[in-house]
Each structure stands twice: as C-alpha cells, then as structure tokens.
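Accompanying notes for the structure given below.
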Amino acid sequence: VDWVLTRRYRLILLALLFASLFPVATTALIALETARRGSRQAALSATIGTIAMTALASFGAADVALPSTFAAITFFAGVAIGALLQRAGNLVLAFQAALLFSILLVGGVTLFGPDPEVLFAPVIEELAEVRRASGAASEQVAVVAGWGGILFAAAVFSQVMGPLLLAAWWISAASGQKRFGKEFRALKLGRFLGIVATAIVALGLVFPTGLVQNLSA
C-alpha cells in the first residue's frame with residue numbers, strides 16, 4: 001500500500017490493470033487515494049483512468065459507449081466510497097450507508113430504469129448455454145432467463161461493498177492502524193436497516209414481484 005501511494009502513476013496503472021479483470025480493486029484503489037489525497041485529486045485520477053479505458057476500448061470496439069460508462073462508474077465510485085469512509089469516520093456507519101444506497105439503487109433501477117433482463121442478456125444467454133451443455137433439462141435452462149434482476153442486484157452489492165471493505169482495510173494499513181479487524185467484526189445492520197431487511201425478506205416470501213425478489217435475493 002505504501003509503495004502504491006508513493007507515486008500517483010503507480011496507483012493509476014494498477015487501477016487500469018484491474019479495471020477489466022477485477023473492477024472491485026480499481027474502485028478500492030481510487031477510494032484509497034480519495035482518503036489519502038482528497039476528493040479533488042482522486043477525481044483527477046478517476047478522470048484519467050476513464051479516458052484511458054475509453055481510448056483502449058476504441059481500438060477493439062466500434063461502440064465505446066458501454067465500456068466508457070462502465071469505466072466511469074468503476075473509477076468515480078471509488079471517489080464516492082472514499083469520501084463516504086472519510087465522512088463516516090468508521091467502517092460500521094459507512095457500511096450501513098452503502099447498504100442503504102445499494103438497496104435504493106436496486107429498487108430505483110428495477111422500478112424506473114432499464115430492464116435488467118435486457119442489460120444482462122449476454123450473460124444470461126451464456127449461463128443458459130452452459131446449462132444446456134451440461135445436460136440440464138429444459139425447465140432448468142428456462143429458469144436462467146429470469147436471473148437478470150438477481151444478477152443486477154448482485155453486481156451492485158459486490159461493486160459497492162467489495163471496494164468499501166477493501167479500501168477500509170488498505171486505508172487502515174496505510175495509516176499504520178490496526179482498527180480494520182475490530183471494525184469489521186463490529187459490522188451490523190442497525191435497527192433501521194434491520195427492520196428494512198426483515199421486511200424485504202418477509203415480503204419476498206409472499207409477493208413474487210421482481211423488485212421484492214431482487215432485493216430479497
């Protein structure tokens with residue numbers, strides 16, 4: 001962590017390296033820089049990373065809109081997560097805020113955004129093909145067609161919670177403190193989120209609507 005923070009170009013190069021293979025690490029790296037150098041400096045690094053990813057994508061694809069959007073989300077989410085960790089002051093509060101944001105985002109996109117089944121159509125088709133190749137029955141293959149919302153919810157939660165925890169660990173290491181383990185073991189939903197989570201799970205057992213099923217899954 002100290003080696004990465006010594007020179008900005010090291011952090012940016014590592015973030016670019018992980019952007020396609022392991023975007024969680026890219027977001028966590030930008031969050032680390034946000035905590036150490038401030039949101040303005042981290043936003044500059046995020047802009048450089050987004051431009052570089054867009055330029056690389058332009059060599060291999062005619063349509064760069066999707067790769068550019070993915071890069072912007074990956075890099076600038078790090079700025080937001082780093083600022084959240086700074087503002088919250090501890091991992092528990094940041095975790096609860098990030099979880100609430102994830103729930104609201106999944107709910108908002110499910111209700112008002114594009115259909116997750118369309119967004120994840122290539123992934124769903126690939127999963128269905130894997131099941132066909134393994135000799136699964138047609139009914140088992142058909143189940144995969146309804147996984148779009150679940151895949152979207154999983155992507156949101158992993159891309160928010162993964163970088164949050166990873167960045168908190170790195171920030172703790174960079175500051176020479178050993179508080180991450182203690183704060184990690186203290187993670188909890190709290191009263192408000194506990195009630196919300198319980199209600200979502202209970203509704204998921206009763207109502208088969210896409211929104212409730214996506215959140216409860």
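From a predicted model like this one, the values you see are computed outputs, not experimental measurements.
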Atom pair CD1/CG of Ile12 and Leu44 - distance to nearest 0.5 Å: 7.0 Å
Side chain proximity check, Gln41 to Arg36, heavy atoms < 4.5 angstrom: no
Separation of Leu100 CG from Phe192 CZ (nearest 0.5 Å): 6.0 Å
Pairwise side-chain contact, Gln159 with Val24, heavy-atom cut-off 4.5 Å (strictly under): yes
Minimum heavy-atom distance between Thr27 and Ala77, given as atom pair plus value: CG2-C, 3.7 Å
Cluster link Leu14 to Leu166, ILVMFWY, side chain under 4.5 Å: yes
Ala71 versus Met53, closest heavy-atom pair with distance: CB-CB, 3.6 Å
Joint hydrophobic cluster, Leu104 plus Phe95, side-chain heavy atoms closer than 4.5 Å: yes
Nearest-0.5 Å distance, CG of residue Leu189 to CG of residue Leu99: 6.0 Å
Common cluster, Leu93/Phe184, ILVMFWY with side-chain heavy-atom separation under 4.5 Å: no
Separation of Lys182 NZ from Leu91 CG (nearest 0.5 Å): 13.0 Å
Which atom of Leu84 lies closest to which atom of Ala94, heavy atoms considered: CD2-O, 3.6 Å
Single-linkage hydrophobic cluster, 4.5 Å side-chain cutoff, Val79 and Leu105 together: yes
Side-chain (Arg10) to main-chain (Trp3) donor-acceptor, under 3.5 angstrom: yes
Shortest non-hydrogen contact from Arg179 toward Gly89: NH1-O, 4.0 Å
Nearest-0.5 Å distance that lies between atom CZ in Phe22 and atom OG1 in Thr74: 12.0 Å
In one Ile/Leu/Val/Met/Phe/Trp/Tyr side-chain cluster, 4.5 Å: Phe70, Val160: no
Whichever hydrophobic residues join Ile73 through chains of side-chain contacts under 4.5 Å: none
Close side-chain approach of Trp170 and Val4, heavy atoms under 4.5 Å: no
Heavy-atom side-chain proximity of Ile81 to Ile30 below 4.5 angstrom: no
Given Thr47, Ile48, Thr54, the one that forms side-chain contact (heavy atoms from CB on, under 4.5 Å) with Ile51: Thr47
Phe75 vs Leu16 side-chain heavy atoms within contact, under 4.5 Å: yes
Considering all heavy atoms, the nearest Leu164-Ala98 contact: CD2-CB, 3.9 Å
Contact summary for Ala35 and Gln86, nearest pair of heavy atoms: O-NE2, 3.2 Å
By side-chain hydrogen bond (donor to acceptor under 3.5 Å, both in side chains) - contacts of Thr50 (at least two apart): none
Under 3.5 Å: donor-acceptor pair, side chain of Ser39, backbone of Thr34: no
Between CZ on residue Phe180 and CZ on residue Arg185, distance to nearest 0.5 Å: 10.0 Å
Ser172 side chain vs Ala168 backbone, donor-acceptor pair below 3.5 Å: no
CA sep, side-chain torsions, deciding dist, call: Ile103, Phe157, side-chain contact (heavy atoms from CB on, under 4.5 Å): CA-CA 8 Å; Ile103 293 174; Phe157 281 97; 4.1 Å; yes
Flag, side chain of Glu183 to backbone of Val92, donor-acceptor distance under 3.5 Å: no
